[in-house]
Novice: 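What follows is a structure written as structure tokens; I'll ask about it next.
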Number of protein chains: 2
Amino acid sequence: MSTLAQSKSDLERASTAQKVADMLRERVLDGELEPGLRLSEEAIGGALGVSRNTLREAFRLLTRDRILVHEHSRGVFVRRPTSEDVCDLYAARRVIEGGSLRLWNDVTEAQREAVRAPVRQAVARAEKNDFSKTGSANIQFHRGIVGLAGSVRLSDESDRLFAELMLAFRVAREVDAFHRTYLPWNRRIVELLNKGTVDEAVGQLDEYFDAAEQDLASRLTAD
Amino acid sequence: MSTLAQSKSDLERASTAQKVADMLRERVLDGELEPGLRLSEEAIGGALGVSRNTLREAFRLLTRDRILVHEHSRGVFVRRPTSEDVCDLYAARRVIEGGSLRLWNDVTEAQREAVRAPVRQAVARAEKNDFSKTGSANIQFHRGIVGLAGSVRLSDESDRLFAELMLAFRVAREVDAFHRTYLPWNRRIVELLNKGTVDEAVGQLDEYFDAAEQDLASRLTAD
DNA sequence: ATCGTAGAATCGTTCAACAATCCCACAAAA
DNA sequence: TTTTGTGGGATTGTTGAACGATTCTACGAT
């Protein structure tokens with residue numbers, strides 16, 4: 001049954017605009033297209049072999065995800081988060097993840113495991129001095145937290161927030177080191193959760209947000 | 001200074017696609033375009049005097065706001081929320097508004113007043129048997145709650161959730177009566193907040209969500 | 001150095017066309 | 001009767017070109 005659902009989702013992936021958007025999203029999040037860069041319709045459309053109209057549709061999809069920003073009659077740019085953006089992003093995350101984490105005792109074991117697993121894997125890799133996937137592991141941890149709420153709308157919005165933060169990391173030139181710094185925090189949160197002290201875990205999460213926000217914002221204003 | 005900001009925002013409102021999207025959004029939320037209705041590109045584009053490409057851009061904007069749904073090669077439809085959607089929407093609202101309300105003691109007086117004022121006005125009107133604007137007042141109350149978080153991203157996402165719920169009300173054929181029913185709840189929440197018992201207010205908010213969700217979902221499944 | 005202006009580059013929008021896909025009705029087969 | 005092809009017709013997906021409107025750039029005047 002899962003194979004059927006799989007192939008169905010593959011078939012639905014027909015639109016060219018969608019494919020172009022996926023490719024551009026990857027390029028942006030990988031850092032090949034730097035924040036602040038202007039994306040010329042003609043240049044990119046020509047390079048990818050799609051018409052301007054189709055490319056504009058792809059741009060709309062990415063502005064929805066807040067990866068690109070659209071300025072009227074000026075074009076689209078790779079989003080370049082400011083320190084105000086970072087403040088706003090963490091304000092949203094505090095509410096969403098804090099509120100989700102409080103549901104810890106009311107959710108399924110599978111949902112709880114989605115929070116624990118990423119931290120366990122990151123810790124295991126860190127002990128072998130392997131910090132390769134530490135960034136995605138950190139994001140998976142926070143995705144798991146939001147998943148406790150059981151709302152796809154909330155999870156989707158969180159993914160957009162995470163994508164924006166990835167861009168902020170890039171502006172601050174601290175993509176990997178950032179996640180690594182805060183691994184101990186994640187570990188502590190999971191330990192508190194397993195101990196059943198949800199309120200203390202939420203407190204640790206808030207402290208993590210405070211530290212991360214200040215760290216990131218200061219790097220952005222200095223730049 | 002506010003006049004300058006005003007005129008600036010007017011100037012930025014240049015795009016035709018944006019204007020078309022605004023018009024369509026209004027039509028949908030007013031109920032002139034029923035949930036489930038398919039919007040033909042040719043028909044609407046011809047009626048509004050805009051080209052297909054521009055109309056498609058407007059559709060993308062409304063799809064982002066979850067007012068329309070896009071099905072590949074089939075067209076765009078006015079969203080018709082299901083009971084699963086309602087469940088998801090309230091799961092998100094529980095987290096967002098619950099988390100925001102907990103910040104009550106940490107925000108500015110202006111933010112707190114944005115929560116109290118809509119309820120006060122709705123109560124005043126209700127005592128005169130004037131239930132005309134009770135719906136928007138209820139939404140303003142919940143907008144105020146989300147505003148406590150101080151994140152425009154969170155507030156924007158909440159507006160999208162509210163818009164979706166408006167569509168659900170319409171499917172359930174209970175637009176005004178719905179809001180009216182729950183005015184006493186809002187009043188009680190504000191009283192608890194003014195008394196300083198934030199946790200109890202959050203509890204009342206949760207109960208409100210439980211009742212509203214069950215009420216709305218049952219009307220949708222019955223239909 | 002500041003300001004204004006002409007020209008180039010780019011975006012916003014429209015139009016026409018064709019391929020790809022979906023829908024619907026009708027006929028054939030179990 | 002129900003199911004299963006199988007057409008044709010309608011609609012969407014995508015392209016390319018075109019032109020007015022807006023922005024950017026560079027050059028020259030003050």
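In what follows, every chain begins at residue 1, and chains take the letters A, B, ... in the order their sequences are listed. What you see is a predicted model, and the numbers here were worked out from it, not measured in a lab.
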Novice: May I have all residue pairs that pass salt bridge (Lys or Arg N to Asp or Glu O under 4.0 Å) and include part of residues 130-151 of chain A, sequence neighbours excluded?
Specialist: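 Residue pairs passing salt bridge (Lys or Arg N to Asp or Glu O under 4.0 Å), neighbours aside: A:R143-A:D159.
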Novice: Grab the CZ-C1' distance between A:R60 and C:dC11 for me, whole Å please.
Specialist: 11 Å
Novice: In whole Å, what is the span from the CD atom of B:E71 to the C1' atom of C:dA20?
Specialist: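 My rounded result for the distance is 17 Å.
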Novice: Relative to the 5' end of DNA chain D, which residue comes earlier, A:T54 or B:G75, by the nucleotide with the nearest heavy atom?
Specialist: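 Comparing both residues, the 5'-ward one is B:G75.
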Novice: When you check the phosphate oxygens OP1 and OP2 of D:dT15, does a side-chain N or O of A:T16 lie under 4.0 Å from one of them?
Specialist: no
Novice: Would you mind reading off the distance between A:H72 atom NE2 and D:dG20 atom C1', rounded to a whole angstrom?
Specialist: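 Whole-Å distance recorded here is 13 Å.
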Novice: Taking the side chain as C-beta and beyond, is there a heavy-atom pair between A:I96 and A:L161 under 4.5 Å?
Specialist: yes
Novice: The side chain of B:H70 is closest to which nucleotide in this list: C:dT14, D:dT14, D:dG13?
Specialist: D:dG13
Novice: Could you tell me whether the side chain of B:S100 reaches within less than 4.5 Å of the side chain of B:L154, counting heavy atoms only?
Specialist: yes
Novice: For DNA chain C, find the residues of residues 38-53 of chain B with a heavy-atom distance under 4.0 Å and give them by number; none if there aren't any.
Specialist: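 Per residue number, the list reads B:G49, B:V50, B:S51, B:R52, B:N53.
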Novice: Please name all residues satisfying side chain to side chain donor-acceptor pair (under 3.5 Å) with B:D85, sequence neighbours left out, ordered by chain then number.
Specialist: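 Listed in chain order: A:R153, B:T82.
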Novice: May I have the distance from A:R56 (atom CZ) to D:dG13 (atom C1'), rounded to whole angstrom?
Specialist: 17 Å
Novice: Listed by chain and number, what are the salt bridge (Lys or Arg N to Asp or Glu O under 4.0 Å) partners of A:R79, not counting sequence neighbours?
Specialist: A:E164
Novice: Nearest whole angstrom, please: distance from the C1' of C:dC11 to the CD of B:Q18.
Specialist: 16 Å
Novice: Sequence neighbours excluded, which residues qualify as ring pair (Phe, Tyr, Trp, His ring centres under 6.0 Å) partners of B:Y182?
Specialist: B:F178, B:W185, B:Y208
Novice: Specify the separation, in whole Å, of atom CG of A:L55 and atom C1' of D:dT15.
Specialist: 13 Å
Novice: Between N or O atoms, less than 3.5 Å apart, protein on one side and nucleotides 7-10 of chain D on the other: list the pairs.
Specialist:
none

Novice: Provide, to the nearest angstrom, the distance between the CD atom belonging to A:E57 and the C1' atom belonging to D:dT12.
Specialist: 11 Å
Novice: Return the set of residues passing side chain to side chain donor-acceptor pair (under 3.5 Å) with A:E213 (not counting sequence neighbours), or none when no residue passes.
Specialist: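 Side chain to side chain donor-acceptor pair (under 3.5 Å) list for A:E213, sorted by chain: A:R94.
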Novice: Output all residues satisfying salt bridge (Lys or Arg N to Asp or Glu O under 4.0 Å) with A:E97, sequence neighbours left out; order by chain, then residue number.
Specialist: A:R93
Novice: Can you sort out the partners of A:R116 under salt bridge (Lys or Arg N to Asp or Glu O under 4.0 Å), two or more places apart, ordered by chain and number?
Specialist: A:E109, A:E113
